[in-house]
Colleague: 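Please read through the structure below; I'll follow up with questions.
Model, not experiment: these values are computed from the prediction.
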Amino acid sequence: MNCYECAQSGRTTVAVAVCRVCGAAVCPEHVRSESVVIRGTAQPGEVIHDRPARRLTCPVCREAEQAE
């Protein structure tokens with residue numbers, strides 16, 4: 001699979017990730033990564049663990065989310 005963002009500018013670059021919002025394939029140059037905490041609960045409101053996770057998005061979705 002190739003990077004969608006690169007294809008828009010006429011380049012062919014192998015993708016390394018898929019945007020979790022829109023599903024576009026992205027290369028290392030275009031992938032946006034952030035850490036998020038996943039919280040598990042035993043009962044409503046009672047946190048039993050916090051686990052770090054990655055959230056990968058394309059530049060377009062990342063910009064849209066930050067504009068909110």
Side-chain angles (χ1 to χ4, degrees):
M1 190 179 318
N2 294 322
C3 177
Y4 181 79
E5 297 295 324
C6 287
Q8 296 300 306
S9 61
R11 295 184 296 159
T12 301
T13 309
V14 175
V16 297
V18 174
C19 175
R20 76 175 297 276
V21 178
C22 71
V26 286
C27 68
E29 178 185 345
H30 290 111
V31 68
R32 302 296 182 253
S33 177
E34 68 177 314
S35 293
V36 294
V37 175
I38 305 294
R39 295 179 187 260
T41 59
Q43 299 173 7
E46 182 183 330
V47 175
I48 59 169
H49 65 266
D50 289 342
R51 295 200 176 154
R54 266 188 310 251
R55 186 173 189 278
L56 304 175
T57 55
C58 70
V60 173
C61 291
R62 175 70 176 198
E63 185 178 325
E65 289 178 338
Q66 289 180 335
E68 294 178 347

Colleague: Return all side-chain donor-acceptor pairs below 3.5 angstrom for residues 3-13, not counting sequence neighbours, or 'none' if the list is empty.
Modeller:
unit_1	atom_1	unit_2	atom_2	d
Y4	OH	Q8	NE2	3.2
S9	OG	C6	O	3.0

Colleague: Which residues pass the side-chain contact (heavy atoms from CB on, under 4.5 Å) test with V31, sequence neighbours left out?
Modeller: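 Checked V31 against side-chain contact (heavy atoms from CB on, under 4.5 Å); matches are A17, V26, L56.
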Colleague: Return the set of residues passing side-chain contact (heavy atoms from CB on, under 4.5 Å) with A15 (not counting sequence neighbours), or none when no residue passes.
Modeller: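 A15 satisfies side-chain contact (heavy atoms from CB on, under 4.5 Å) with A25 once adjacent residues are dropped.
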Colleague: Using a 4.5 Å cut-off on heavy atoms from C-beta on, say whether the side chain of P52 contacts that of S35.
Modeller: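 A side-chain contact under 4.5 Å is absent here.
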Colleague: Report the residues that fulfil side-chain hydrogen bond (donor to acceptor under 3.5 Å, both in side chains) with E29, sequence neighbours left out, ordered by chain and then residue number.
Modeller: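 Listed in chain order: nothing, the list is empty.
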Colleague: Kindly write out the residues that satisfy side-chain contact (heavy atoms from CB on, under 4.5 Å) with R55, not counting sequence neighbours, or none if the list is empty.
Modeller: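 For R55, the residues satisfying side-chain contact (heavy atoms from CB on, under 4.5 Å) (neighbours in sequence not counted) are R20, V21, E34, V36, T57, E65.
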